[in-house]
There are 2 protein chains.
Amino acid sequence: MTELEKGPKGRRRGRGARERILSASQQLFREQGINRTGMDQLCAAAQVSKRTAYQHFTGKDELVAEYLRRFDPSVLSGVFDRTDLTPRERLLAAFDIPPPTPLCPYIGAAVELHDPEHPASQYARDYKKAVAARLADTAREAGAADPEQLGEQLALLIDGAAARTRVLNADAFPTAAAIAAVLIDNAIPTSSPRQPSDDRGTTGSAPVPVGGR
Amino acid sequence: MTELEKGPKGRRRGRGARERILSASQQLFREQGINRTGMDQLCAAAQVSKRTAYQHFTGKDELVAEYLRRFDPSVLSGVFDRTDLTPRERLLAAFDIPPPTPLCPYIGAAVELHDPEHPASQYARDYKKAVAARLADTAREAGAADPEQLGEQLALLIDGAAARTRVLNADAFPTAAAIAAVLIDNAIPTSSPRQPSDDRGTTGSAPVPVGGR
DNA sequence: CCGTAAGCACACGGATCGGTGTACATAACA
DNA sequence: TGTTATGTACACCGATCCGTGTGCTTACGG
């Protein structure tokens, strides 16, 4: 862990610097937003000289883009690689977010930067498409009639829950999970017992009062 | 049009000033975002002296909060007051957004300001709750089994479509409308013939490929 | 006429921001 | 030893931002 990276000459590299900067970004950009986090504050939090920061990143824009690339494993892969779950359960697991909702930074970045051409915005787009694609793959695996449509729908539910959680300050993922259960049961012919009016409740999700954080 | 407002003494009041400021806010805050729109630029666009602006508003924060209050009629009331539509049609009409999607400023404000205690953030919360409540009222009117739940679900769909449209730069409302149709048909016993898998299509909404802008 | 209210033009202040420049310290090679 | 890469500490720049202070113009009403 406290090792060296292969440099141009194999010299000892500041193992911490870049890592600490990105680590501090994760925390500060989330807590305060991107625009409200200055480079001075960020460098102080990372215990890195400002000069060093600008030797690792050409500017804040690049840093922001890099910062966004550090989320895939935690959210995206973490859910889809659960081989212990059935495809259907995996689709629903995407809505099981821990109580202190992280609040999707991709939406935040796209809104804050406000420039669709910004590298971070472009990456946010790619990421969202990738999530929808993986949801579609899983939907296909689960035997959904129209996997692409279901994937897109579930992706929309996730974003809706994230946005609504942000605005209302109350966890909206249970509501989204309930909708997801309905959509999945409607799309997967085999697993839709199609009972009168209680399509939800097939997972461990709450009865969905509204959202209680 | 070039009339006067009732002032303390019936004097001639600058009819334009405040109105022009708010009007310019609508355009600039939407096009550029709140943080990226300076007071100088805003005053210039409104053709109002900066000094005058600060005599109408104590600060930018108050202006932003006031700016958010100018949307209810266009979106919220505009849909729910359509007496020519059945309650069910009204619920679905909430997803018929014109192609140049305005892109909900409440979400944008909540993300940009990043302070839940900011007056504008509080108003955004109130507004979102009001929308969900009106959706619930209409759902009740339409005979939904659980109107509050359906209202909350539809509100989530709207926010999801707005957020996703923002990030992906592609209209996500058709997808949301398709989900809404499913939820509505599932929630309203009378109007749900409960056919195999084609619950949608009861309105004029598209067959929902994915979203084409 | 003069008082008063509204508005304008313009400069300024303090703060913050992204980004640089400079000088110095350290450690690994050679 | 010296060179080179890496990093620190700290001042500094220009730009932008929100907000004010000052003085001038306009127009109404008594």
Side-chain angles (χ1 to χ4, degrees), chain A residues 2-25 28-29 32-67 109 112-115 118-120, chain B residues 2-25 28-29 32-67 109 112-115 118-120:
Chain A
T2 55
E3 265 321 292
L4 44 79
E5 292 177 351
K6 61 174 197 299
K9 289 197 178 68
R11 286 274 181 73
R12 197 235 189 256
R13 300 288 293 280
R15 161 219 127 263
R18 192 182 183 101
E19 219 61 31
R20 285 203 304 272
I21 294 172
L22 287 170
S23 175
S25 301
L28 292 179
F29 285 161
Q32 312 177 339
I34 296 172
N35 291 331
R36 304 185 113 71
T37 300
M39 291 300 286
D40 294 279
Q41 179 190 7
L42 198 149
C43 292
Q47 300 189 67
V48 163
S49 164
K50 206 165 147 194
R51 207 69 191 80
T52 303
Y54 279 96
Q55 279 161 357
H56 283 282
F57 304 94
T58 68
K60 193 182 184 181
D61 289 344
E62 183 182 315
L63 197 158
V64 172
E66 266 301 307
Y67 140 78
E112 282 203 84
L113 302 176
H114 217 273
D115 173 17
H118 190 292
Chain B
T2 55
E3 267 319 294
L4 44 80
E5 292 178 352
K6 61 176 197 299
K9 288 197 178 76
R11 284 270 181 74
R12 196 231 188 263
R13 298 290 291 281
R15 164 218 126 263
R18 190 181 186 102
E19 220 62 30
R20 285 201 304 272
I21 294 172
L22 286 170
S23 176
S25 301
L28 292 179
F29 285 161
Q32 313 178 337
I34 296 173
N35 290 332
R36 304 186 113 71
T37 301
M39 291 298 286
D40 294 281
Q41 179 190 5
L42 197 149
C43 291
Q47 300 189 67
V48 162
S49 164
K50 208 165 143 196
R51 206 71 192 75
T52 302
Y54 279 95
Q55 277 160 359
H56 283 282
F57 304 94
T58 69
K60 193 181 184 182
D61 288 344
E62 182 182 315
L63 197 157
V64 171
E66 266 301 306
Y67 140 79
E112 283 204 82
L113 302 176
H114 216 273
D115 174 18
H118 191 292

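Computed over heavy atoms, backbone and side chain alike; hydrogens, waters and symmetry mates excluded. What you are looking at is a predicted structure, and each value in this text was computed from that prediction instead of being measured.
- As rounded to whole Å, 16 Å separates atom P of dG19(D) from atom NE2 of His56(B).
- The shortest non-hydrogen separation linking Leu42(A) to Ser25(A) is CD1-OG, 3.7 Å.
- Closest approach of His56(A) to Arg18(A), counting heavy atoms only: O-NH1, 3.3 Å.
- Note on residues 36-51 of chain B: pairs passing salt bridge (Lys or Arg N to Asp or Glu O under 4.0 Å), not counting sequence neighbours, are Asp40(B)-Lys50(B).
- For Glu19(A) and dG7(D), the CD to P distance is 12 Å, given to the nearest whole Å.
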Go through Leu63(A) and Met39(A) one step at a time and tell me if the side chain to side chain contact (heavy atoms under 4.5 Å, CB included) criterion holds.
CA-CA 10 Å; Leu63(A) 197 158; Met39(A) 291 300 286; 4.1 Å; yes
Can you check side chain to side chain contact (heavy atoms under 4.5 Å, CB included) on Phe57(B) and Leu22(B), steps first, answer last?
CA-CA 10 Å; Phe57(B) 304 94; Leu22(B) 286 170; 4.0 Å; yes
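- One can place CG of Leu113(B) at 16 Å from P of dC17(D), the figure rounded to the nearest angstrom.
- With rounding to whole Å, Arg18(B) atom CZ is found 15 Å from dG7(C) atom C1'.
- Glu112(B) places a side-chain N or O within 3.5 Å of a backbone atom of Asn35(B) that can act as its donor or acceptor partner.
- Of the side-chain N and O atoms in Ser49(B), none sit less than 4.0 angstrom from OP1 or OP2 of dA9(C).
- Distance CD (Gln32(B)) to C1' (dC17(D)): 14 Å, rounded to an integer number of Å.
- One can place CG of Leu42(B) at 13 Å from C1' of dC17(D), the figure rounded to the nearest angstrom.
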Considering only nitrogen or oxygen atoms on both sides, find all protein atoms under 3.5 Å from nucleotides 15-20 of chain C and state each distance.
unit_1	atom_1	unit_2	atom_2	d
dG18(C)	OP1	Lys60(A)	NZ	2.3
dG18(C)	OP2	Met39(A)	N	2.7
dG19(C)	OP2	Tyr54(A)	OH	3.1
dG19(C)	OP2	Lys60(A)	N	2.8
dG19(C)	N7	Lys50(A)	NZ	2.9
dG19(C)	O6	Lys50(A)	NZ	2.3

